[in-house]
2 protein chains.
Amino acid sequence: MQADVLAVLRRRDAPMSAYEVLDRLRDGNSRLAPPTIYRALAALIEGGRVHRLESLKAFVACKCEQHGHVPIFSICKECGTVEEAVSRRITNELSRIAGQSGFAPARHVIEVHGQCARCESKEAPA
Amino acid sequence: MQADVLAVLRRRDAPMSAYEVLDRLRDGNSRLAPPTIYRALAALIEGGRVHRLESLKAFVACKCEQHGHVPIFSICKECGTVEEAVSRRITNELSRIAGQSGFAPARHVIEVHGQCARCESKEAPA
DNA sequence: GAGTTCATGTTATATTATAACCTATCTTGC
DNA sequence: GCAAGATAGGTTATAATATAACATGAACTC
Ligand SMILES: [Zn+2]
Ligand SMILES: [Zn+2]
Ligand SMILES: [Zn+2]
Ligand SMILES: [Zn+2]
C-alpha cells in the first residue's frame, strides 16, 4: 500500500490531497477507505519519503536524495507546483532563534507561498 | 465580531481551533455558526492581528508590536504554548533560497515544533 | 424612500482526518 | 503442525475543520 501511494504521488509534480490519492487508487480497487491511505501516508512521512504541506493540507513525494532532511517548500499559488529545497543555514539559524528562550526544536515546517518563474513570465510577458 | 474573536484569542496563551472560539462565544450568543467565526478570523488574519498555525489548524492572536511582519512560531508539543519571534535574517535568507529558481515569495510559513524550556526542565529535572 | 453596501445569520454541505473494531496473513518458537 | 503474538489492511462510523450559497437587516446614499 505504501508503495502504491508513493507511486501515485511520484506520478504528479503537484501536491495531492489524501482523497485525491484515494480516488486514484480506487480506480483499481474499489474497496479502499480513508484510513488505509492515511496509514500509508503516515508511514511514508515517518520514513521521510513523503512530506505533508501543512499550509495546503496536501502531500508530495520527497524529491531529495537523502531522506531525513529538513525540507523547504516553495509553493506556486498559480500552477500549484512545489519546489523542494534544503538549507543547513536556515535550519541552523531557525534552531538558534527558537532556542534563544531555551526551546528545543524537533521538527521544522518551512513553506513559502508565491509565484514560480514560469507563471510570473506568463503573467507579465513584457 | 472581529473584536469578540480577538478578545477570546487574547485571553489564551495557547492556540485555539476555530470551533473552540465558537464554543466560547456561544456562551453568550447561542445563534452563532462556523461561517461567522471563520469570516472574523479571515479578516483578522488579513489585518495581521491573528495568525493561523498551519501545522496545528489553529489560531493565535499576534503578540508583536507592528503587524505585517513574518512570524516565526515555536510550538511546544507538551504544553501547547506558542512563542512568536521575528527574524529579518531568516526571512531574507528564505526569500533568497526560494528565489534562486526565479520564484517570487509572497507569504512565509515558519513553524518549529519542539519542547519549551519549562517542559524540558520538568521532564529531566536532573 | 428606493438602491446600495456591509456585516451577520442560516442552512447545508464539502473536505480532511481519525477512532474503534475486525480479519487475514505471517512469523516464531515450541 | 500449531498457539501466541505481530503486522497490515478492511470496514464502519464519526470527528474536526472549513466553505458555499442564499437570506436578513441595519446603515448609509442620493
Ligand atoms: Zn524531502
Ligand atoms: Zn507556477
Ligand atoms: Zn505576529
Ligand atoms: Zn511546554
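Letters go in sequence order (proteins before strands), and every chain restarts at 1. Just so you know, these numbers use all the heavy atoms, side chains as well, and skip hydrogens, waters and symmetry mates. These numbers were taken from a predicted model, which means no experiment stands behind them.
- To the nearest angstrom, C1' of C:dT8 lies 14 Å from CG of B:Leu25.
- Side-chain atoms of B:Tyr19 lie closest to D:dA18 of the nucleotides C:dT16, D:dA18, C:dT10.
- Distance, B:Arg39 CZ to D:dT19 P: 12 Å, rounded to whole Å.
- A salt bridge links A:Lys63 with A:Asp13; the closest basic N to acidic carboxylate O contact falls under 4.0 Å.
- Following rounding to the nearest Å, A:Leu53 (CG) and C:dA17 (P) show an atom-to-atom distance of 11 Å.
- B:Met1 is listed as a side-chain neighbour of B:Leu32, based on a closest heavy-atom distance under 4.5 Å.
- Rounded to whole Å, the distance from CG on A:Leu56 to C1' on D:dA18 is 15 Å.
- Counting to the nearest Å, the C1' atom of C:dT16 and the NZ atom of B:Lys57 are 7 Å from each other.
- Between the P atom of C:dT8 and the CG atom of B:Leu41 lies a distance of 12 Å, rounded to the nearest Å.
- Comparing C:dT16, C:dT8, C:dT18 against the side chain of B:Met1 picks out C:dT8 as the nearest.
- Between the side chain of B:Glu93 and the backbone N or O of B:Ile90 there is no donor-acceptor pair closer than 3.5 Å.
- Taking for each of A:Ala40 and B:Glu20 the nucleotide of DNA chain D with the nearest heavy atom, the 5'-most of the two is the partner of A:Ala40.
- Closest to the side chain of A:Ala33, from the set D:dT12, D:dA20, C:dA17, is D:dT12.
- Taking 4.0 Å as the cut-off between side-chain N and carboxylate O, A:Arg107 and A:Glu54 count as a salt-bridged pair.
- Of the candidate nucleotides C:dT10, D:dG10, C:dA17, D:dG10 has the atom lying nearest to any side-chain atom of A:Thr36.
- Rounded to an integer number of Å, the gap from A:Leu22 CG to D:dT11 P is 13 Å.
- In this structure, the side chain of A:Glu111 engages the main chain of A:Ser55 through a donor-acceptor pair within 3.5 Å.
- A close approach under 4.0 Å does occur between a side-chain nitrogen or oxygen of A:Tyr38 and OP1 or OP2 of C:dA17.
- Minimum atom distance to the side chain of B:Pro34 is reached by D:dT19, of the listed D:dT17, D:dT11, D:dT19.
- When the C1' atom of C:dT15 is taken as reference, atom CD1 of A:Ile37 falls 16 Å away, rounded to whole Å.
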